[in-house]
Structures are given as C-alpha cells and as structure tokens.
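Here is the structure we will look at, set down as structure tokens.
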Amino acid sequence: MNGSLEFLNMIKNQSDKAEKITQNNNMKKDSGSAGTIAVIDTETNWRDQVMSLGVAIADGATYKLLEKRYYIFDPECLIGGIYSGVMYYGGNNGITMRRQEAMENLKDFLYSKGVERIFAYNAKFDCNHLPELCDFEWYDIMRVAAYKQFNPFIPESIPCCKTGRLKTDYGVEPIMKLLTGDKRYREIHNAVYDAVDELKILELLGHPLEIYECGKLG
C-alpha cells in the first residue's frame, strides 16, 4: 500500500509541476541544455530473447530525431518470433551481430552521442531485457502518455483509473491514434520504426524532460 501511495503522490506532484510549466509558455527552450536522449525498442523471439533492437537519438529539448540505428542479434533472430515477418521492414537490414558485440557497439554509440537517459514505452520490459545498459537512466514514456493529467489528448469520455491512467488501450498504437488523430495508424513492431514512433509520442506531448521523472525506473 505504501508503494502505491508514494506513486500516487509522485503522479500528483509531477502533474502540478507539468501544469506550472505549461502555463509558463514564454520560457525559451535551450536545445543544448537538455543534451541528447535515446529512445529504445526491442523485439523478442519465441524464447523471450531480444532478437532486434532499434534506437533513435534525439535532441532532449525538441525531441527532433538526430540519428537512428538498428541491430539484429544473431543467432537469436534465427529462432523466430511473432514479429519476425517485419524484421526487415522497409528494406532495412540493420546491423547483424552477436549480442555481446552489438551491445558493446551500442554503448559506444550512445556514449559518443552524449546520451545518459534512455526512454522506452513500457520501459521496464526493455530495461529488464537489456541489463548491459544498466548504467544509463531509464524512463518510461507510458507513465506520462497514458495518464490524463499529462496527456491532454485523452478525452473525458474514456474511462480512467483513480491514478488518471487509462483503464484500457494505453499501448503505443492507441496512444499514437489519440495524439495524431490518425485512426489508420498501425504499430509496425519493427524495433527501429517503433523507436522512432515512441520518440514521436514525446514530441507530440511536448513536455520537458523533467516531467518524465515520475517514470524513472529504479
């Protein structure tokens, strides 16, 4: 119960903070002060092993995409999974490596871009599957996007929990439909495309990075 109360208080405090920041719209964004962030998405095989990983590097103030990278893990990709059919979607063959080499390459890439914070939708899943990235700070986009106090695109007609979270349909696909108004939007379930879409959620919500403190893991 204490954990639940602490989370509710955190949500309330962050909601109040978000409102104050939103009211102060004349504050200038300093694109250099927020540094760069990474948005990461993974796809797993039938054995619950990561078989592909997408990363989108973005400006931490504007959420504009700066660079992206796509890894395919061999031999994990050979086992197959529910989304194997879109692993090479759009002709993107990615960088195929063994996991250890791929993760070392990714860490070097993130460090070279000055990344300290990693964002993901339902970040606990990705974080738990990528222990090699435990030295980075992880933030859950869903902890903001799925809550009506942070997401003004959620209409009053949609049922929410007492915490403000949508009771159902708060995955990437329904949230993107709310934010864009595009009812035909479909989540591809290709790791790099999904990472870019999750970055788009950050951009469309328009909150500064500090609002996502309520979604920080660990």
Side-chain angles (χ1 to χ4, degrees), residues 35-60 63-146 170-173 175-176 186-203 209 212 215-218:
T36 53
I37 62 168
V39 178
I40 282 179
D41 185 78
T42 60
E43 296 297 339
T44 54
N45 61 22
W46 296 120
R47 297 178 185 173
D48 197 33
Q49 301 166 324
V50 175
M51 62 179 182
S52 60
L53 184 158
V55 55
I57 303 297
D59 181 281
Y63 302 119
K64 294 300 183 182
L65 178 66
L66 301 175
E67 195 170 346
K68 56 187 176 181
R69 188 167 286 191
Y70 183 40
Y71 295 92
I72 295 173
F73 295 172
D74 182 9
E76 290 84 354
C77 65
L78 303 178
I79 295 168
I82 190 171
Y83 298 118
S84 290
V86 291
M87 185 178 296
Y88 302 105
Y89 182 86
N92 190 344
N93 294 326
I95 305 169
T96 300
M97 293 180 171
R98 291 193 174 275
R99 176 172 178 144
Q100 182 178 351
E101 296 171 346
M103 295 308 296
E104 289 175 357
N105 183 279
L106 173 58
K107 285 194 290 185
D108 288 343
F109 176 60
L110 295 177
Y111 290 139
S112 72
K113 300 300 178 182
V115 171
E116 297 179 354
R117 290 170 283 196
I118 294 175
F119 289 73
Y121 206 92
N122 191 21
K124 188 174 181 180
F125 177 87
D126 299 286
C127 184
N128 286 345
H129 280 77
L130 299 170
E132 298 95 333
L133 301 181
C134 64
D135 290 338
F136 294 87
E137 296 178 353
W138 281 80
Y139 296 84
D140 191 352
I141 300 169
M142 188 173 69
R143 284 281 185 94
V144 171
Y170 48 85
V172 169
E173 188 169 305
I175 291 296
M176 278 291 283
R186 293 292 181 271
E187 189 177 2
I188 295 172
H189 294 290
N190 171 287
V192 71
Y193 281 88
D194 290 355
V196 172
D197 281 355
E198 290 162 23
L199 171 60
K200 190 67 177 178
I201 290 174
L202 294 174
E203 182 183 358
L209 285 178
Y212 291 88
K216 186 176 181 179
L217 303 189

> Between the main-chain N or O of G215 and the side-chain N or O of D140, is there a donor-acceptor pair closer than 3.5 Å?
Replying inline: no

> Closest approach of L202 and I37, non-hydrogen atoms and distance?
Replying inline: CD1-CD1, 4.0 Å

> Considering residues at least two apart in sequence or located in another chain, which fulfil the side-chain contact (heavy atoms from CB on, under 4.5 Å) criterion with A191?
Replying inline: D41, E43, S52, Y70

> Can M103 and L106 be said to form a side chain to side chain contact (heavy atoms under 4.5 Å, CB included), step by step?
Replying inline: CA-CA 5 Å; M103 295 308 296; L106 173 58; 4.1 Å; yes

> Quick one: CH2 on W138 to CD1 on I40, what's the gap to the nearest 0.5 Å?
Replying inline: 4.5 Å

> Are the side chain of N190 and the backbone of M87 linked by a donor-acceptor contact shorter than 3.5 Å?
Replying inline: yes

>> Could you go through M176 and E187, starting from their C-alpha distance and side-chain angles, then the distance that decides it, and tell me whether this counts as side chain to side chain contact (heavy atoms under 4.5 Å, CB included)?
In response: CA-CA 9 Å; M176 278 291 283; E187 189 177 2; over 6 Å; no

> Which pairs with one or both residues in residues 86-98 pass side chain to side chain donor-acceptor pair (under 3.5 Å), sequence neighbours excluded?
Replying inline: none

> What's the spacing between I79 CD1 and S84 OG if we round to 0.5 Å?
Replying inline: 9.5 Å

> For R47, does the CZ atom sit with more than 12 other heavy atoms under 6.0 Å from it, leaving out its own atoms?
Replying inline: no

>> Under the rule for ring-ring contact (aromatic ring centres under 6.0 Å, His included), what residues qualify as partners of Y139, not counting sequence neighbours?
In response: F119

>> Just to verify, what does E104 make a salt bridge (Lys or Arg N to Asp or Glu O under 4.0 Å) with, not counting sequence neighbours?
In response: none

>> Tell me the closest heavy-atom pair linking G80 and N45, and the distance in Å.
In response: O-CB, 3.1 Å

> Which heavy atom of Y170 sits nearest a heavy atom of M142, and at what distance?
Replying inline: CD1-SD, 3.6 Å

> Considering residues at least two apart in sequence or located in another chain, which fulfil the side-chain hydrogen bond (donor to acceptor under 3.5 Å, both in side chains) criterion with K64?
Replying inline: E203

> Between I188 and V86, what is the shortest heavy-atom contact and its length?
Replying inline: O-CG2, 3.5 Å

> Got a sec, which pairs hit salt bridge (charged side-chain N to carboxylate O under 4.0 Å, His left out) with one end in residues 75-89, sequence neighbours left out?
Replying inline: none

> Roughly how far apart are L130 CG and F125 CZ, rounded to 0.5 Å?
Replying inline: 9.0 Å

>> Going by side-chain hydrogen bond (donor to acceptor under 3.5 Å, both in side chains), name the residues that satisfy it together with T42, two or more places apart in sequence or in a different chain.
In response: D126

>> List the residues meeting side-chain hydrogen bond (donor to acceptor under 3.5 Å, both in side chains) with R69, not counting sequence neighbours, and say none if there are none.
In response: Y71, N105

>> Is there a side chain to side chain contact (heavy atoms under 4.5 Å, CB included) between I175 and I141? Walk through the geometry before answering.
In response: CA-CA 11 Å; I175 291 296; I141 300 169; over 6 Å; no

> To the nearest 0.5 Å, how far apart are CD in E173 and CG in D194?
Replying inline: 10.0 Å

> How would you list, by chain and number, every residue that makes a salt bridge (Lys or Arg N to Asp or Glu O under 4.0 Å) with K216, sequence neighbours excluded?
Replying inline: E137

>> Could you tell me if the side chain of Q49 sits less than 4.5 Å from the side chain of R99, heavy atoms only?
In response: no

> Which heavy atom of G90 sits nearest a heavy atom of Y193, and at what distance?
Replying inline: CA-OH, 3.7 Å

>> Counting C-beta onward and ignoring hydrogens, is there a side-chain heavy-atom pair between F109 and V115 closer than 4.5 Å?
In response: no

> Of all heavy-atom pairs between A56 and L199, which one has the smallest distance, and what is that distance?
Replying inline: CB-CD2, 4.2 Å

>> Closer than 3.5 angstrom, by distance alone: can the side chain of E67 be matched with the main-chain N or O of I57 as a donor-acceptor pair?
In response: no

>> My understanding is that only residues two or more places apart in sequence, or in another chain, count here; which of them pass side-chain contact (heavy atoms from CB on, under 4.5 Å) with E116?
In response: none

>> Using the side-chain hydrogen bond (donor to acceptor under 3.5 Å, both in side chains) criterion, which residues pair with E101? Sequence neighbours excluded.
In response: none

>> My understanding is that only residues two or more places apart in sequence, or in another chain, count here; which of them pass ring-ring contact (aromatic ring centres under 6.0 Å, His included) with Y111?
In response: F136

> What orientation do H189 and Y83 show, parallel under 30°, tilted 30 to 60°, or perpendicular over 60°?
Replying inline: parallel

